[in-house]
Colleague: 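Dropping the structure in here first, questions after.
Please read all numbers here as calculations on a predicted model, not as lab measurements.
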Amino acid sequence: EVQLVESGGGLVQPGGSLRLSCVASGFTFNIYAMSWIRQAPGKGREPVSCISADGSVTDAPEVDSMKGRYTISRDNAKNTTYLQLNVLKPEATAVYYCAAAQNPYLWVAHCPADEYAHWGQGTQLTVSS
């Protein structure tokens, strides 16, 4: 069974940093693109970034306000996807989800949420003093 388990969220002060992790199981992780998608209070889900099976990164335009302050990465040996978040601002407060792509063997990762078939339960990030 496909399973994605996010961790690493919590309460962070403005200006702080955090790394989210997503451990995958139940599928051949190293042939699927992965994505981080967030949902802020009162807003819809918006992609943050996505990464192909071989590490090609595409940042989503929906989060241009955070440009340069986040990095997606993956460790195929550990079946884990990461999202490093830096210089956090209150508007980054959201539930952050990781998701696996519908189709394998993508050379370029695409971030729209409808291209991802399996989602984790999410991890809450709150940026506040």
Colleague: How long is the span from the CG atom in Leu11 to the CD atom in Gln124, to the nearest 0.5 Å?
Modeller: 10.0 Å
Colleague: If you compare all heavy atoms of Ser49 against all heavy atoms of Asp59, which two are closest, and at what distance to 0.1 Å?
Modeller: OG-OD1, 2.8 Å
Colleague: Minimum heavy-atom separation for Cys50 and His110, please, with both atom names.
Modeller: SG-C, 3.4 Å
Colleague: Verify the cluster assignment for Tyr97 and Tyr82: are they in a single hydrophobic cluster under the rule of side-chain heavy atoms below 4.5 Å apart?
Modeller: no
Colleague: Under 4.5 Å between any side-chain heavy atoms of Trp36 and Cys22, yes or no?
Modeller: yes
Colleague: Measure the OH-NE2 distance between Tyr32 and His118 for me, rounded to the nearest 0.5 Å.
Modeller: 7.0 Å
Colleague: Using the side chain to side chain contact (heavy atoms under 4.5 Å, CB included) definition, which of the options Val87, Asn86, Leu88 pairs with Ser17?
Modeller: Asn86
Colleague: If you group Ile, Leu, Val, Met, Phe, Trp and Tyr by side-chain heavy-atom gaps below 4.5 Å, do Phe27 and Ile31 land in one group?
Modeller: yes
Colleague: What is the minimum heavy-atom distance between Arg74 and Ile51, and which atoms define it?
Modeller: NH1-O, 3.5 Å
Colleague: Contact between Thr123 and Leu125 at the side-chain level, heavy atoms closer than 4.5 Å - yes or no?
Modeller: no
Colleague: With a 4.5 Å cut-off on side-chain heavy-atom distances among I, L, V, M, F, W and Y, is there a chain of contacts connecting Val48 to Val23?
Modeller: no
Colleague: Could you give the distance from OH (Tyr116) to CD (Gln102), rounded to the nearest 0.5 Å?
Modeller: 10.0 Å
Colleague: Return the CD1 to CG distance between Ile72 and Leu20, rounded to the nearest 0.5 Å.
Modeller: 10.5 Å
Colleague: What are the two closest heavy atoms between Phe29 and Asp75, and how far apart are they?
Modeller: CE2-O, 4.1 Å
Colleague: Test your reading of the model: is there a side-chain donor-acceptor pair from Thr93 to the backbone of Val127, 3.5 Å cut-off?
Modeller: yes
Colleague: Under 4.5 Å between side-chain heavy atoms, counting indirect links through other Ile/Leu/Val/Met/Phe/Trp/Tyr residues: same cluster for Val57 and Leu85 or not?
Modeller: yes
Colleague: Determine whether Val63 and Ile37 fall in the same hydrophobic cluster, where Ile, Leu, Val, Met, Phe, Trp and Tyr are linked whenever their side-chain heavy atoms lie under 4.5 Å apart.
Modeller: no
Colleague: Can you tell me how far the OG atom of Ser35 sits from the CH2 atom of Trp119, to the nearest 0.5 Å?
Modeller: 7.0 Å
Colleague: Minimum heavy-atom separation for Ser65 to Arg69, with atom names?
Modeller: O-NH2, 3.1 Å
Colleague: Quick one: CE on Met66 to NZ on Lys89, what's the gap to the nearest 0.5 Å?
Modeller: 9.5 Å
Colleague: Under 6.0 Å from the CD atom of Glu91, do we count more than 12 heavy atoms belonging to anything else shown?
Modeller: yes
Colleague: State, to 0.1 Å, how close Cys98 and Glu6 come at their nearest heavy-atom pair, and which atoms those are.
Modeller: N-OE2, 2.8 Å
